[in-house]
Colleague: 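Please see the structure below; I have some questions.
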Amino acid sequence: MVQTVTGGSGADLLDAARLLHDFNEEYGEPAPPPRELASRLAELTGGGHVTVLLARAHGTGVPVGVAVLRIQPSIWSRGQEAYLAELYVVPSRRGQGYGRGLVSEAMRVARERGADYALVVTSEDDRLAQRLYEAAGFRRTEGEGGPVMIAYEREL
């Protein structure tokens, strides 16, 4: 079951924050504590800046996956564009349809909010995520028939 989490759903936002924290820990990335992250998610969802989706295990309702979606005006069309900024499924639950459910619901929400384009980024070595996104209709735009894009980051 996938649900959209709103700013008023404190327990749900904390569940989402714990999963996002675990995601960063799994991949060796820094992350604020779950309560701090939940507070930030409450601000962002309350302001309409992001949509948080939470997948719960069938039968038990235990949180097993999370997605964070940003929708913003497109430069290239009159529509909106959707960026699937985060998607994580607990390792023991991968391959059970939770990721597919999160992506499907994210795309439904994006279309509902006027998006005509969606983007997702994953690492070159994350083959499982690549298969998930390709099965959901995304096409790879770099590397195969096109240039490899290199991402840069910096603190400000």
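Keep in mind the model is a prediction, meaning the values are calculated, not measured.
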Colleague: What residue pairs, at least two apart or across chains, pass ring-ring contact (aromatic ring centres under 6.0 Å, His included) with a residue in residues 100-124?
Modeller: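 Found none.
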Colleague: Any salt bridge linking R131 with E134? Criterion: basic side-chain nitrogen under 4.0 Å from a carboxylate oxygen.
Modeller: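 No salt bridge links R131 with E134.
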Colleague: Give me the other members of the hydrophobic cluster that I75 sits in, counting Ile, Leu, Val, Met, Phe, Trp and Tyr linked by side-chain heavy atoms under 4.5 Å, directly or via other members.
Modeller: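 Via sub-4.5 Å side-chain contacts, I75 links to W76.
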Colleague: Kindly determine whether V103 and V120 satisfy side chain to side chain contact (heavy atoms under 4.5 Å, CB included), including the steps that lead there.
Modeller: CA-CA 10 Å; V103 172; V120 64; over 6 Å; no
Colleague: State plainly whether one hydrophobic cluster holds both Y27 and L128, where clusters connect Ile, Leu, Val, Met, Phe, Trp and Tyr through side-chain heavy atoms under 4.5 angstrom apart.
Modeller: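 As far as the 4.5 Å side-chain criterion goes, L128 and Y27 are not connected within one cluster.
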Colleague: Can you pull the salt bridge (charged side-chain N to carboxylate O under 4.0 Å, His left out) pairs that have at least one residue in residues 67-89, sequence neighbours excluded?
Modeller: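 For residues 67-89, and leaving out neighbouring residues, there are no salt bridge (charged side-chain N to carboxylate O under 4.0 Å, His left out) pairs at all.
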Colleague: I need the T122 OG1 to L87 CG distance, nearest 0.5 Å.
Modeller: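 Between atom OG1 of T122 and atom CG of L87 there are 9.0 Å.
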Colleague: Between OG1 of T51 and CG of L41, what distance do you get to the nearest 0.5 Å?
Modeller: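 One gets 11.5 Å once the value is rounded to the nearest 0.5 Å.
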Colleague: Could you name each residue pair satisfying salt bridge (charged side-chain N to carboxylate O under 4.0 Å, His left out) that touches residues 42-60, not counting sequence neighbours?
Modeller: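 Sorted pair list: D12-R56, D15-R56, R40-E43.
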Colleague: Mind checking the CZ-CD spacing from F23 to E29? Nearest 0.5 Å is all I need.
Modeller: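 Reported value, rounded in 0.5 Å steps: 9.0 Å.
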Colleague: My understanding is that only residues two or more places apart in sequence, or in another chain, count here; which of them pass ring pair (Phe, Tyr, Trp, His ring centres under 6.0 Å) with Y83?
Modeller: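 Scan of Y83 (ring pair (Phe, Tyr, Trp, His ring centres under 6.0 Å), adjacent residues dropped) gives none.
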Colleague: What's the separation between atom CZ in F138 and atom CG in L84, rounded to the nearest 0.5 Å?
Modeller: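 Separation between the atoms: 6.0 Å.
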Colleague: Taking salt bridge (charged side-chain N to carboxylate O under 4.0 Å, His left out) as the cut-off, I'd like each qualifying pair that reaches into residues 92-103, sequence neighbours left out, listed once.
Modeller: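 Checked against salt bridge (charged side-chain N to carboxylate O under 4.0 Å, His left out) - neighbours excluded - the pairs reaching residues 92-103 are E26-R94.
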Colleague: Going through the checks in order, is the ring pair (Phe, Tyr, Trp, His ring centres under 6.0 Å) test met by Y98 and H58?
Modeller: CA-CA 10 Å; Y98 294 106; H58 307 291; 5.2 Å; yes
Colleague: Under 6.0 Å from the CD atom of E124, do we count more than 12 heavy atoms belonging to anything else shown?
Modeller: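 At most 12 heavy atoms, drawn from other residues, nucleotides or ligands, come within 6.0 Å of this atom.
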